[in-house]
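Have a look at the structure below, then the notes.
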Amino acid sequence: MLLCFNHLFFENIKGFVYFHGKSTGSETYFPGKLNETEDSCLGRYIYIHDLPKRFNEDVIKDCQLITRSTDKYSMCKSLENSGLGPGIEALNASDLWKNSWFSTNQFMLEVIFHNRMKKYDCLTDDSALASAVFVPYYAGLDLRRYLWGFNTSMRDLSGIDLVAWLARKPEWKRNSGTDHFLISGRIARDFRRKSNRKSDWGSNFRLLPESENITMLTIETGYSKNDVAIPYPTYFHPANDFQVHQWQEFLRKQNRPYLFSFAGARRSKQKGPIRAEIIDQCQASNKLCNFMDCSLFNQCDDPVNLMSLFRSSVFCLQPPGDSLTRRSTFDSILSGCIPVFFHPGSAYTQYVWHLPKDHNRYSVFISSKDLRVGKVTINQTLLQVSKDEQLAMREEVIKLIPGIVYGDPRSRLETMDDAFDLAINGILKRIKVLTKN
């Protein structure tokens with residue numbers, strides 16, 4: 001009788017919440033105001049477009065087509081472990097390296113991010129609830145198939161077809177695509193070819209009128225307001241918080257016998273005069289600098305060699321390469337090595353969601369112009385940084401590590417935001433501003 005009374009009475013009283021017991025399947029009632037029940041995903045729901053396979057799955061299915069003759073190994077190997085690449089096993093750093101370190105290809109960000117997106121805790125099948133719409137187009141990998149030896153029509157075809165497909169969808173028509181975002185594992189400039197000359201680089205994808213409404217998260221932004229830079233993938237993909245804490249503690253105890261180091265190769269005078277100057281100063285530094293010559297086979301492609309170099313150094317030099325940014329920047333941060341920049345576009349104007357606005361907290365800036373004309377030297381600049389300043393900057397760098405690595409898509413970090421989480425937080429805030437009108 002009491003149970004019946006309970007059912008008849010409380011079920012019709014506003015302000016009581018109905019719960020199902022987990023262990024016995026019994027039904028229980030607890031007082032609580034229904035209209036105050038919070039949806040933890042409110043404002044964070046994301047809808048993923050179910051694209052035709054030709055825009056993603058088929059791109060990596062034919063993985064040999066995205067492998068270049070100059071690649072050290074097949075891109076098919078890079079697709080192992082949800083895009084993280086082959087696991088790193090031949091290391092001497094005990095259990096710290098096991099199960100969370102991979103030979104990750106820097107161009108695999110689209111696959112890594114998509115696999116993380118599939119596990120995002122606020123996905124929705126109802127696009128009307130979504131605050132943002134994810135377009136899982138493997139733009140960079142698709143373009144990689146046609147960058148060499150193909151005409152511009154072939155390089156542009158997939159992007160043109162994609163925006164045509166999107167424009168037919170009700171999700172697009174709601175905000176003309178301003179609530180849509182996608183990922184690129186290539187720099188933004190690769191998608192902004194301004195002419196149809198075959199000799200010109202890249203595709204015109206980001207110059208298409210529809211595409212300009214979409215926010216592209218990319219490893220290096222250009223000058224477009226709709227491109228936002230997020231970190232390059234590193235070799236570390238932690239499966240849990242403990243692995244991150246363990247690695248940070250390991251770095252705090254590292255002996256760093258070299259004041260600074262550089263991993264790179266000389267460039268032509270037209271492409272990179274600063275490189276030659278940096279290498280010359282490093283080699284003339286009286287053993288203060290450790291130089292790894294990337295022109296030698298497999299030197300800089302071996303994660304073990306590279307991480308060992310950076311872990312033994314207080315500062316790591318990060319001049320521009322083929323573009324302003326370098327993956328090496330994030331490898332050095334991952335090693336607890338203080339990055340030294342020679343152009344503000346290498347980091348300061350790029351990773352606004354992931355790196356501190358006060359760049360003096362975690363890095364050193366040396367003007368490339370001053371360096372070339374002999375106004376400053378690398379030795380002189382870095383020797384002026386006191387030991388206390390070094391320690392403070394290194395601690396800041398080590399604290400940045402969770403936010404610049406992409407956790408293993410097959411696991412979950414519980415108490416910290418990684419690079420994926422910070423990117424999602426950033427895109428949701430950005431789209432909220434873009435669509436508030």
Side-chain angles (χ1 to χ4, degrees), residues 44 46 78 81-85 100-122 132 134 136 138 140 181-188 215-221 227-241 243-245 247-248 251 303 307 310 318 325-337 339 346-357 359 362-363 396-430:
R44 298 177 58 237
I46 295 178
S78 297
N81 296 306
S82 301
L84 305 183
S100 56
W101 293 83
F102 302 83
S103 295
T104 303
N105 188 298
Q106 71 177 52
F107 295 110
M108 283 293 128
L109 183 57
E110 294 152 4
V111 178
I112 295 169
F113 204 99
H114 188 195
N115 284 324
R116 283 292 303 276
M117 201 71 244
K118 292 175 183 177
K119 300 291 184 68
Y120 178 62
D121 54 3
C122 290
F134 177 55
Y138 295 169
F181 72 102
L182 54 80
I183 309 300
S184 167
R186 303 190 68 89
I187 66 174
T215 297
M216 182 169 75
L217 305 183
T218 173
I219 54 175
E220 178 182 317
T221 186
D227 297 336
V228 181
I230 61 175
Y232 285 73
T234 67
Y235 302 113
F236 185 39
H237 302 281
N240 54 60
D241 299 38
Q243 290 179 347
V244 179
H245 292 307
W247 179 247
Q248 289 174 309
L251 292 178
M307 296 298 291
F310 291 161
Q318 302 297 342
T325 65
R326 304 177 78 207
R327 171 190 172 144
S328 177
T329 293
F330 297 99
D331 291 332
S332 68
I333 292 174
L334 180 59
S335 305
C337 188
S346 293
Y348 305 152
T349 62
Q350 295 284 342
Y351 308 101
V352 294
W353 296 341
H354 295 80
L355 297 178
K357 290 182 180 179
H359 55 80
Y362 72 95
S363 69
E396 188 67 32
V397 167
I398 291 173
K399 288 178 179 178
L400 289 175
I401 289 174
I404 60 96
V405 299
Y406 296 91
D408 192 322
R410 300 160 296 185
S411 306
R412 179 187 292 268
L413 301 182
E414 298 293 342
T415 64
M416 56 183 67
D417 288 339
D418 72 348
F420 171 86
D421 296 318
L422 293 178
I424 292 299
N425 292 341
I427 198 67
L428 289 170
K429 291 177 182 177
R430 172 182 166 79

**Stepwise side-chain contact (heavy atoms from CB on, under 4.5 Å) test for Gln318 and Ser328** = CA-CA 7 Å; Gln318 302 297 342; Ser328 177; 3.1 Å; yes

**Message:** For a quick test of reading the model, state the closest non-hydrogen atom pair linking Ala188 to Thr218 and the distance between them.
**Reply:** N-OG1, 3.6 Å

**Prompt:** So how far is it from Ile427 CD1 to Thr215 OG1, rounded to the nearest 0.5 Å?
**Reply:** 4.5 Å

**Message:** With rounding to the nearest 0.5 angstrom, report the CE to CD1 distance, Met117 to Ile183.
**Reply:** 8.5 Å

**Message:** Quick test of your reading of the model: are Asp421 and Arg412 salt-bridged, counting only N-O distances below 4.0 Å?
**Reply:** no

**Prompt:** Would a distance-only check, ignoring hydrogens and angles, find a side-chain to backbone donor-acceptor pair under 3.5 Å from Asn240 to Gln243?
**Reply:** yes

**Prompt:** Could you give the distance from CD (Gln350) to CG (Leu355), rounded to the nearest 0.5 Å?
**Reply:** 10.0 Å

**Request:** Would you give the length of the straight line joining atom NE2 of His114 to atom CG of Leu182, rounded to the nearest 0.5 angstrom?
**Result:** 12.0 Å

**Request:** Please step through side-chain contact (heavy atoms from CB on, under 4.5 Å) for the pair Asp121 and Arg44, ending with a clear verdict.
**Result:** CA-CA 9 Å; Asp121 54 3; Arg44 298 177 58 237; 3.6 Å; yes

**Message:** With no hydrogens and no angle check, just 3.5 Å: does a side-chain donor-acceptor pair link Arg410 and Asn81?
**Reply:** yes

**Message:** Show the nearest heavy-atom pair for residues Arg116 and Gly407, with the distance to one decimal.
**Reply:** NH1-N, 3.4 Å

**Request:** List the steps and the verdict of salt bridge (Lys or Arg N to Asp or Glu O under 4.0 Å) for Lys119 and Asp408.
**Result:** CA-CA 11 Å; Lys119 300 291 184 68; Asp408 192 322; over 6 Å; no

**Item:** Aromatic ring pairing Phe134/Phe181, orientation class (parallel under 30°, perpendicular over 60°, tilted between)
**Value:** tilted

**Request:** Assess whether side-chain contact (heavy atoms from CB on, under 4.5 Å) is satisfied between Leu109 and Ile230, documenting all intermediate values.
**Result:** CA-CA 10 Å; Leu109 183 57; Ile230 61 175; 4.0 Å; yes

**Message:** Taking Ser82's backbone N and O only, do any of them form a donor-acceptor pair with Asn115's side chain (distance below 3.5 Å, no angle check)?
**Reply:** yes

**Request:** Mind listing the closest non-hydrogen atom pair of Ile333 and Pro339 along with its distance?
**Result:** CG1-CG, 4.3 Å

**Message:** Looking at Tyr235, I'd like to know if the NZ or CZ of Arg327 sits under 6.0 Å from its six-membered ring centre while staying within 45 degrees of the ring's axis.
**Reply:** yes

**Item:** Polar contact flag, side-chain donor to acceptor under 3.5 angstrom, Tyr232-Thr325
**Value:** yes

**Message:** If I compare all heavy atoms of Leu413 with all of Ala239, which pair ends up nearest, and what's the gap?
**Reply:** CD2-C, 4.2 Å

